[in-house]
Amino acid sequence: MRLPPARGPLSAAVIEVLRQSPAERVSLPPRGAATDEPWHDDDLQLALWVCYELHYRGFEDVDDGWEWNPALLGWRAGVERDWETALLPFAPFSEPPAPRDVPAALRQLIADSDGPPLASFLQREATLEQFREFLIHRSVYHLKEADPHSWALPRLDGRTKGALVEIQADEYGGGHPERIHAELFRVTMRELGLSDAYGAYVDEAPAVMLAASNLMHLFGLHRRWLGATLGHLAAFEMTSTLPNRRIGGGLRRLGGSPEAVEYFDEHVEADAVHEQVAANDLCGSHALARPDAAGDILFGAACYLRLEAEFGEFALSRWRQGVPTLRSASGVGPYAPVAVHP
């Protein structure tokens, strides 16, 4: 992957710096006034996304030495402080519950969430073009789906670590490359005539989709947000089964092949098991072992639910007006015919 086009002064400055050789000092602009909804700030989210990507696969046109460059990390930390400040009001409780009550609090938090019915729209109403747009957006997230949560593994032990390994082993296909969930998503993209290349559609993704990805990186890369990482993963697993069943049904309605639908079918089956593991063995055991983490666990879950709702509202508001959700129609290119199963 190569560096994406900038979306404003912050991302332009980061991208320009990264084209150079790593240096002890870098010239990067101050963040400036924080916005009320930074998850809709294209410039901020792209700048963060580029910085975070240095810890994953990097860029062909960027020296690997930038990954741990102190000057760049120091600048990123200042931007992250504004990002975190905007997220803090999502905390669902003024006082966290008792550690033993964390699994029940997670279930209640999810039951009370009222995000837009994006999965139902995809099941019953979405056109093939809208479904492709959905896959393009989600590719930013799903092509590295399990990786940000794996940062938590060396920071855990005992029952909590075992629970995370159990979930992640399924995400990585149990050692079978073709069963890795990110690979199954690639198959879906190919079946619908889309590129399956890592990062191919980053420039098409709106700020809110980059923000959903950046949230995982913020929590995963910082040990101080370990509890939030586990809560984020739990919310993902605990809200996955029904939406994936609906989305898979929508793709079948549009004539999608069994290969195209397999990603969604796999999550219906796997996440039904993961839901209990995530709530009880992962988050429940972590809260009991580290009582001060109870609030962070629920904060991470709440942030996940809020940004998913923001993305759903963004997409539905445009589709119901007949407006595309991609940043530029020209970036997608011609669609290949969808694979249809008789």
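All values reported here derive from a predicted model rather than from experimental measurement. Numbering starts at 1 and runs along the sequence shown.
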Quiz item: Taking the inter-plane angle between the rings of His181 and Tyr263 on a 0 to 90° scale, is it parallel (under 30°), tilted (30 to 60°) or perpendicular (over 60°)?
Solution: perpendicular
Quiz item: So does Glu313 have more than 12 non-hydrogen atoms from other groups sitting under 6.0 Å from CD?
Solution: no
Quiz prompt | Salt bridge flag under 4.0 Å for residues Glu178 and Arg186 | solution = no
Quiz item: Got Leu226 and His286 here, is their nearest side-chain heavy-atom distance under 4.5 Å?
Solution: yes
Practice problem: Kindly assign one of parallel, tilted or perpendicular to the pair His142 and His267, based on the angle between their ring planes and the thresholds 30° and 60°. | Solution: tilted
Practice problem: Give the ring-plane orientation class for Phe236 versus Tyr304, where under 30° counts as parallel, over 60° as perpendicular and anything between as tilted. | Solution: perpendicular
Exercise. Could you tell me whether Arg190 and Glu259 have a side-chain N and a carboxylate O separated by less than 4.0 Å?
Key: no
Practice problem: Could you label the plane-to-plane angle of the Phe185 and Phe264 rings as parallel, tilted or perpendicular, counting under 30° as parallel and over 60° as perpendicular? | Solution: perpendicular
Exercise. Kindly assign one of parallel, tilted or perpendicular to the pair Trp151 and Tyr56, based on the angle between their ring planes and the thresholds 30° and 60°.
Key: perpendicular
Quiz item: Should Phe90 and Trp39 be marked as a ring-ring contact (aromatic ring centres under 6.0 Å, His included) after you check the CA-CA gap, both sets of side-chain angles, and the distance that decides it?
Solution: CA-CA 13 Å; Phe90 295 169; Trp39 44 91; 5.2 Å; yes
Quiz item: Minimum heavy-atom separation for Phe311 to Val208, with atom names?
Solution: N-CG2, 3.7 Å
Quiz prompt | Distance, nearest 0.5 Å, that separates CD1 of Ile110 from CG of Leu106 | solution = 6.0 Å
Quiz prompt | Pairing residues for Arg25 by the side chain to side chain donor-acceptor pair (under 3.5 Å) criterion, not counting sequence neighbours | solution = none
Practice problem: Could you walk me through whether Arg138 and Glu308 pass salt bridge (charged side-chain N to carboxylate O under 4.0 Å, His left out), step by step? | Solution: CA-CA 11 Å; Arg138 300 305 294 189; Glu308 287 297 297; 3.3 Å; yes
Self-check item: Exercise: identify the closest heavy-atom pair between Gln45 and Pro38
Solution: NE2-O, 2.8 Å
Quiz item: So His232 and His149, would you call those rings parallel, tilted or perpendicular, with 30° and 60° as cut-offs?
Solution: tilted
Quiz item: Going by an N to O cut-off under 4.0 Å, is there a salt bridge joining Glu275 and Arg107?
Solution: no
